[in-house]
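Each remark here refers to the structure printed beneath this line.
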Amino acid sequence: MKRLGLLLALFSVAAWSTNYLAGRYLAWRGVDPLALSVVRFALATPVIFALARFPKYRGSFKTLFLLGLLGVAGFNIFLYTSLNYISAAVASLFVVLASPLTQLLQLVIRRERPGAAAVAGSLLSVAGAYLILEPYIAVKSLLGPLLAVSATLSWSLYTVLVRQAYSLYAPAEAMAWISLFGLVAMMPAAPFAAYGQILSPLNAAVVIYVALVPGALAYTAWNMAVKQVGPRASAAVLPLMPVITAALSARF
């Protein structure tokens, strides 16, 4: 069971690595990050509901809405906006901070103290990712890193808190309602987004990809991983993302 959980987490990380490249490409093509976030989850949410076999709503509105705000609305808007200022490889570097951040939040929120080996591993992964990507780092504005850090903090909070939904929902069921509430959280700002660039055939194809693979499939797999192995073990594989993203960036 633990091995399956780690494999699911690894699948999510690999899929999200391609999301960074796709987001950077769409930013280069002039796609509005808010429009991308809204359309992505408007497409992904029905698919996630289908994967969860259309679960019934069983309550916990506040928890589901908060999780949607953190893991869907906040994370994606921060991330896609940051890709207007920094490369995919640089943006993915900040994801490495999710591992020590998750451990810190586990300690503060749940009073679960991480082991010395886990802390050392997290710090080494941050240092290693930086050394790998340092030649590619070129930051012209602090806004990009600040947005990327905000995305990472939002995701770390989501990873720690998502288990609260598992008292009423299975992981796939919880993800369906979280995705829906995250989409609802974006609705007040949705009329102000610019959707024109998404309508071109190539951009639309990329958006559909990020909705289905890094969106529906990876989010569902991540929730299942957190359920099976916990937030700390799931977050431990996130440092692989900069390496995968850098390799894909060099290739494509």
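Along the sequence shown, the residues carry numbers beginning at 1.
- Between the side chains of Y158 and N223, at least one donor N or O sits under 3.5 Å from an acceptor N or O.
- Enclosure of atom CE in M224 is not indicated, since only 12 or fewer non-hydrogen atoms of other residues, nucleotides or ligands lie within 6.0 angstrom.
- Using a 4.5 Å heavy-atom threshold, the side chains of W155 and L70 count as separate.
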Inset, instruction - Kindly indicate, with the supporting measurements, whether the criterion side chain to side chain contact (heavy atoms under 4.5 Å, CB included) is fulfilled by K227 and V162. - result: CA-CA 9 Å; K227 171 70 172 180; V162 71; over 6 Å; no
Inset, instruction - Could you walk me through whether V72 and L183 pass side chain to side chain contact (heavy atoms under 4.5 Å, CB included), step by step? - result: CA-CA 7 Å; V72 174; L183 184 61; 5.7 Å; no
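- Separation of the F75 and Y80 ring centroids does not fall under the 6.0 Å cut-off.
- Taken to the nearest 0.5 Å, the CG atom of L6 stands 7.5 Å off from the OG atom of S234.
- Side-chain contact check for S87 and Y20: no donor-acceptor pair (N or O, by modelled atom type) lies under 3.5 Å.
- Here the options are N84, L36, L83, the test is side chain to side chain contact (heavy atoms under 4.5 Å, CB included), and the partner is V31; only L36 passes.
- By the criterion of side-chain heavy atoms lying less than 4.5 angstrom apart, applied directly or through intervening Ile, Leu, Val, Met, Phe, Trp or Tyr residues, L199 is not grouped with F192; the two fall into different hydrophobic clusters.
- With hydrogens and angles ignored, the 3.5 Å screen pairs no side-chain donor or acceptor of S154 with any backbone N or O of S150.
- The hydrophobic cluster containing L66 also contains V160, counting ILVMFWY residues as joined when their side-chain heavy atoms lie under 4.5 angstrom apart, directly or transitively.
- Here the closest non-hydrogen pair linking G5 and V229 is CA-CG1, 3.9 Å.
- E173 and R58 are joined by a salt bridge, as a carboxylate oxygen and a charged side-chain nitrogen come within less than 4.0 angstrom of each other.
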Legend entry - Intermediate values then yes/no, side chain to side chain contact (heavy atoms under 4.5 Å, CB included), S12 and W16: CA-CA 6 Å; S12 299; W16 288 332; 3.8 Å; yes
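- The shortest distance between side-chain heavy atoms of N19 and L79 falls below 4.5 Å.
- When every heavy atom of L43 is checked against every heavy atom of A211, the shortest pair comes out as CB-CB, 3.7 Å.
- In plain terms, the two heavy atoms of V207 and L26 that are nearest each other are CG2-CD1, 4.0 Å.
- For the pair P145 and I86, the tightest heavy-atom approach, listed with the atom from each and the gap, is CD-CG2, 4.1 Å.
- A donor-acceptor contact shorter than 3.5 Å is absent between the side chain of S179 and the backbone of M175.
- Minimum heavy-atom separation, A216 to L51: O-CD1, 4.2 Å.
- One hydrophobic cluster holds both I178 and Y166 under the rule that ILVMFWY side chains link at heavy-atom gaps under 4.5 Å.
- Cluster membership for L202 and V210, using ILVMFWY side-chain heavy atoms within less than 4.5 angstrom, is shared.
- The OH atom of Y85 sits 7.0 Å away from atom CG of L147, with the distance rounded to the nearest 0.5 Å.
- Checked against the 6.0 Å centroid criterion, the rings of F11 and W222 do not qualify as a close aromatic pair.
- Note that the CZ atom of F49 and the OG1 atom of T45 stand 7.5 Å from one another [nearest 0.5 Å].
- Rounded to the nearest 0.5 angstrom, L64 CG and Q164 CD are separated by 10.5 Å.
- Remark: side-chain polar atoms of N203 are paired, donor with acceptor, to backbone N or O of Q197 under 3.5 angstrom.
- If you chain together hydrophobic residues whose side chains sit under 4.5 Å apart, W28 and Y195 fall into the same group.
- The distance from the CD1 atom of I77 to the CG atom of L69 is 9.0 Å, given to the nearest 0.5 Å.
- Between the CG atom of L168 and the OH atom of Y57 there is a distance of 9.0 Å, given to the nearest 0.5 Å.
- Closest heavy-atom contact between P214 and A15: CG-O, 3.5 Å.
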Inset, instruction - Let me see the working for Y209 and T18 under side chain to side chain donor-acceptor pair (under 3.5 Å), right down to the final yes or no. - result: CA-CA 10 Å; Y209 168 79; T18 68; 2.8 Å; yes
Legend entry - Residues S17, L21; criterion side chain to side chain contact (heavy atoms under 4.5 Å, CB included); working and verdict: CA-CA 7 Å; S17 296; L21 295 177; over 6 Å; no
